[in-house]
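Remember, predicted model here, so these are calculated numbers, not experimental data.
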Amino acid sequence: MIDRNLLREEPEKIREALNNRRSDFDLDRLIELDEKRRELLEVEQLRARRNQLSQQIGQIIRDGGDAEALKAEVAALKDQIATMEPELEQVEAEFEQMMLEIPNIPLAEVPVGESEEDNVVVKAWGEPRQFDFDALPHWEIGEKLGILDFEGAARIAGARFVTNIAAGATLERALINFMLDTHIRKHGYTEVFPPFLANATSLTGTANLPKFEDDLFKTLDGYYLIPTAEVPLTNMHQGEILAAADLPKHYCAYTACFRREAGAAGRESRGMIRLHQFHKVEMMKFVTPETAADELQKLIENAEAILEMLDLPYRRGALCTGDMGSQPRQTFDLEVWMPGMQIWTEISSCSQYGDYQARRCNTRYRPAPEAKPEFVHTMNGSGLATGRTVAAILENYQQPDGTVEVPEALRPYMGGMPVIVPPLP
RNA sequence: GGAGGGGUGACCGAGUGGUCGAAGGUGGCGGUCUUGAAAACCGUUGAGCGAAAGCUCCGGGGGUUCGAAUCCCUCCCCCUCCGCCA
């Protein structure tokens, strides 16, 4: 949700943002509804008159008088109000709906572009590994080692699931603990273990609803499986007015994430890259507007620290206006090199939203003790997606004999295991 | 799942048809006192929309009424007891 005052004050700024995003959002309709809505507010005059008369009636009755004439006048007013209100309600409903669907306005420094072709690499770290043997993709490595079972998972659930077994399960669990410990102990985040299901209000708060319902799994009871820990974390202070002293709040959570991936068939579909259920350690911050840029920078570096500790080569890309999701104001993706697949794969996505989500969640803060409440700014980023990290480790640390070395930083979390070997026959 | 009790401002908590946007307290802010602070005392302090007048908001929605925080219906949430269960 954006500031509705912008509709009147800077419509061209919104229009430009929509153009840059290649969005087909009907801004003219929204502006028209806003004007209509404001016109229809004249019903407030009638309400004022009605309130006034009701007060008088009360006074007359208390004084023992006859208020029938006034009652008749109020009745007439009520009829008049009743004919005007439905139109106002209808206009307001459509207005609210469109306000829930309008994309965020990208920051000025976001590169303008059409598609992922126009994203800009702003940083690269590490040397992509060279192998003197044919590097395998992670699914082949995992299956040969008996630690990733895609067929078994298909029997249990269906396509786009995986079962981690033995060292494969340990590896993912080790990554979760390693990432959480690092963010909590070294980077100063507060650990959170939230619900993995959320209600429609929360999904609306993060802007997954109403527009992206098709991406979500929904239960018969009306709950949604969370597509990311961003959903529970961003809704932790729904409806609250925080004190300035409460900010910033830095949260970090491990959760399973569930996505329908409708329409993603065929694309990056092999292995652990695109699954209905994946696992992720997420960082999320509530901050004041002045600190947002700085806080995002730190958040990205916190994610990069994990990749560096695991010695996985990566690059940081600034997403362009056409490739960015509709909610963020700015997004940076971290992509890790997959020597087996021979591609860079997104392993973290770090975004700031400005007040876009805070408006939906109604999460505010008081800049000073007596000041008017302002919306907080929110941001989040994966730190990291653990499934894709498993894949990256398998591909980057594979050895000619088919075994996989365990990164140094992870060994304490793997019971000291230095290398993953196939099970004994 | 069954029975009962509740949801009020940043927080706690009063309020069962009008004078209630809401007592009282806590917290915040300002002041008196003090070298300073604490304590005490005095004052002040909800949010949204609107240029303003004003309108809206006492969990959400609907209804009764001239008038609803207060009455009725419905949904959601919380608590207690029972049942079930990791």
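Looking at heavy-atom distances under 4.0 Å, Ala67(A) makes no contact with the nucleic acid at all. Within the 4.0 angstrom heavy-atom criterion, no nucleotide atom of any strand lies near Gln59(A). The residue Asn5(A) sits close only to the backbone: its heavy atoms come under 4.0 Å of sugar-phosphate atoms, none of a base.
With a 3.5 Å ceiling on both atom-pair distances, the Watson-Crick or G-U wobble partner of G27(B) is U45(B).
Taking the nucleotide of RNA chain B with the nearest heavy atom to each of Ile241(A) and Pro373(A), the more 5' of the two is matched to Ile241(A).
Closest to the side chain of Ala48(A), out of C77(B), G50(B), G54(B), is G54(B). Relative to the side chain of Arg364(A), the nucleotides A10(B), A51(B), G48(B) differ in distance, and G48(B) lies closest.
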The contact string for nucleotides 56-67 of chain B, one letter per nucleotide 5' to 3', using protein heavy atoms under 4.0 Å with B, S and - for base, sugar-phosphate only and none, comes out as S---------BS
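Not a single donor-acceptor pair, N or O on each side, falls under 3.5 Å between the base of A10(B) and the side chain of Glu240(A).
Heavy-atom minimum distance, Met99(A) versus Ile102(A): O-CG2, 3.5 Å.
Between His237(A) and Phe286(A), the distance separating the two ring centers is shorter than 6.0 angstrom.
By the 6.0 Å and 45° rule, Arg329(A) does not stack over the aromatic ring of Tyr353(A).
Per the geometry, CD belonging to Glu85(A) stands 14 Å off P belonging to C55(B), to the nearest Å.
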